[in-house]
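See below for the structure under consideration.
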Amino acid sequence: MQPCRRWIPPFARVPQDLEEELRRGGVVVYPTETVYGLGGNPEIPGVLDRIYGIKGRPSGKALPLIAADVETVRQWVVWRPDPLDRLADAFWPGPLTLVLEASPRVPKGVASSEGTVAVRVSSHPVAGMLARACGGWIVATSANLSGQPPVSDPAALPSALLHAVDGLVDGGPLVPTPPSTLVAVRFRHGRVSWAVLREGAVSRETLSLFFGRGETAAAAEEL
């Protein structure tokens, strides 16, 4: 079996053959500010199904996304300036993933069964460039087989995964970093509910400064 195609950053712009691969619905492994991601253009039919199959991940479990910038996020979610503008100013680009209510613009299959989208703006230049090459969004699930740990060194990527994708953007070993913090945010009747679904690079205590009184048990159960 032939090894997958490989691109080596840094590069000033996405190489033409890589951009064409993504436009064709290709699935690639690429570096982020935390671990290596597995992604493609979520708006192209078949891409999400391929990623679920490569990872062996249940299709009912929505895939997180990386956006090119904050303005792109605003187009795909229900955005409330307070506290989201303050959160974006403080933590994006960076390892904070927000689970927000999807807007009607989100393609079928991208949002979760609850109608939400998990998204962040990455501080890794390659991830940002790939998101722009895909039209503003790229799938950003971790590049590992389901149930296995995330990978920060491309040398540790499973061979089965590498043989299933269309290419690897090889940024070398990444600096060990906690995963992105995953926070579900809901707006109801003028109030904000929030729950930390996974604590990572941004602490719960830091987030509480942006959400006022902070998370409650009721909010966590609701979300």
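Scope of the values below: all heavy atoms of this structure, side chains included, with no hydrogens, waters or symmetry mates.
Taken to the nearest 0.5 Å, the CG atom of N41 stands 12.5 Å off from the CD atom of E21. With values rounded to the nearest 0.5 angstrom, S122 atom OG is found 12.0 Å from L96 atom CG. Within the model, atoms OG of S123 and CD of E33 stand 4.0 Å from one another, a figure rounded to the nearest 0.5 Å. Expressed to the nearest 0.5 Å, how far CH2 of W194 lies from CZ of R204 amounts to 6.5 Å. In this structure, CD in E101 is found 10.0 Å from OG in S112, a value given to the nearest 0.5 Å. Atom OG1 of residue T97 and atom CH2 of residue W92 lie 8.0 Å apart, to the nearest 0.5 angstrom.
The closest side-chain heavy-atom distance from Y36 to D153 is not below 4.5 Å. At least one side-chain heavy atom of L65 sits less than 4.5 Å from a side-chain heavy atom of V139. Under the 4.5 Å side-chain criterion, counting only non-hydrogen atoms from C-beta, V73 is in contact with V121. Between V165 and R5, every side-chain heavy-atom pair lies at or beyond the 4.5 Å cut-off. With a 4.5 Å cut-off on side-chain heavy atoms, P81 and L84 do not count as touching. Counting heavy atoms from C-beta on, the side chains of V110 and W137 never come closer than 4.5 Å. Between V99 and L197, some side-chain heavy-atom pair lies under the 4.5 Å cut-off. Side-chain contact between R120 and F91 is absent, with no heavy-atom pair separated by less than 4.5 Å.
Cluster annotation: L63 and I138 are assigned to distinct hydrophobic clusters (Ile/Leu/Val/Met/Phe/Trp/Tyr, side-chain heavy-atom contacts under 4.5 Å, transitive). Under the 4.5 Å side-chain heavy-atom criterion for Ile, Leu, Val, Met, Phe, Trp and Tyr, L145 and V35 are members of distinct hydrophobic clusters. Hydrophobic clustering, with ILVMFWY side chains joined whenever heavy atoms are under 4.5 angstrom apart, groups V27 together with L162. Cluster annotation: W76 is connected to L98 through the hydrophobic network of ILVMFWY side chains, with a link wherever side-chain heavy atoms come within less than 4.5 Å. Residues L87 and V117 share a single hydrophobic cluster, defined by chaining ILVMFWY side chains whose heavy atoms lie under 4.5 Å apart.
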*Step by step, work out the side chain to side chain contact (heavy atoms under 4.5 Å, CB included) result for V169 and F11.*
CA-CA 11 Å; V169 183; F11 31 69; 4.0 Å; yes

*Run the numbers on T181 and V183 for side chain to side chain contact (heavy atoms under 4.5 Å, CB included), then give the verdict.*
CA-CA 6 Å; T181 296; V183 184; 3.8 Å; yes

*Test log, rule side chain to side chain contact (heavy atoms under 4.5 Å, CB included), inputs L100 and T116*: CA-CA 5 Å; L100 300 166; T116 60; over 6 Å; no

*Walk me through it: do V70 and D89 pass the test side chain to side chain contact (heavy atoms under 4.5 Å, CB included)?*
CA-CA 9 Å; V70 177; D89 288 344; over 6 Å; no

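Take Y30 and apply the ring pair (Phe, Tyr, Trp, His ring centres under 6.0 Å) test, not counting sequence neighbours, and it matches no residue. Residues that satisfy the side-chain hydrogen bond (donor to acceptor under 3.5 Å, both in side chains) test with E43, not counting sequence neighbours, are absent from this structure. Contacts of Q148 classified as side-chain hydrogen bond (donor to acceptor under 3.5 Å, both in side chains), with partners at least two apart in sequence or in another chain: none.
The pair R74-D85 counts as a salt bridge, with a side-chain nitrogen and a carboxylate oxygen less than 4.0 angstrom apart. Using a cutoff of 4.0 Å between basic side-chain nitrogens and carboxylate oxygens, E20 and R23 are not scored as salt-bridged.
Looking at every heavy atom in both residues, P154 comes nearest to D170 through CG-OD1, 3.1 Å. For V119 against A67, the heavy-atom pair with the smallest separation is CG2-CB, 4.0 Å. When every heavy atom of A111 is checked against every heavy atom of A62, the shortest pair comes out as C-CB, 4.3 Å. Taking all atoms of both residues into account, the shortest heavy-atom contact from V78 to F187 is O-CE1, 4.4 Å. Closest non-hydrogen pair, R57 versus P64, comes out as NH2-CD, 4.4 Å. Closest approach of G171 and P9 over heavy atoms only: CA-CG, 3.9 Å.
In this structure a side-chain-to-backbone donor-acceptor pair under 3.5 Å is present from K55 to S142.
For Q16, the CD atom is loosely surrounded, since the number of other residues' heavy atoms within 6.0 Å does not exceed 12.
When each of V28, I54, N144 is checked for a side-chain contact (heavy atoms from CB on, under 4.5 Å) with L38, only I54 meets the rule.
For the residue pair R198 and S180, a side-chain donor N or O sits within less than 3.5 Å of a side-chain acceptor on the partner.
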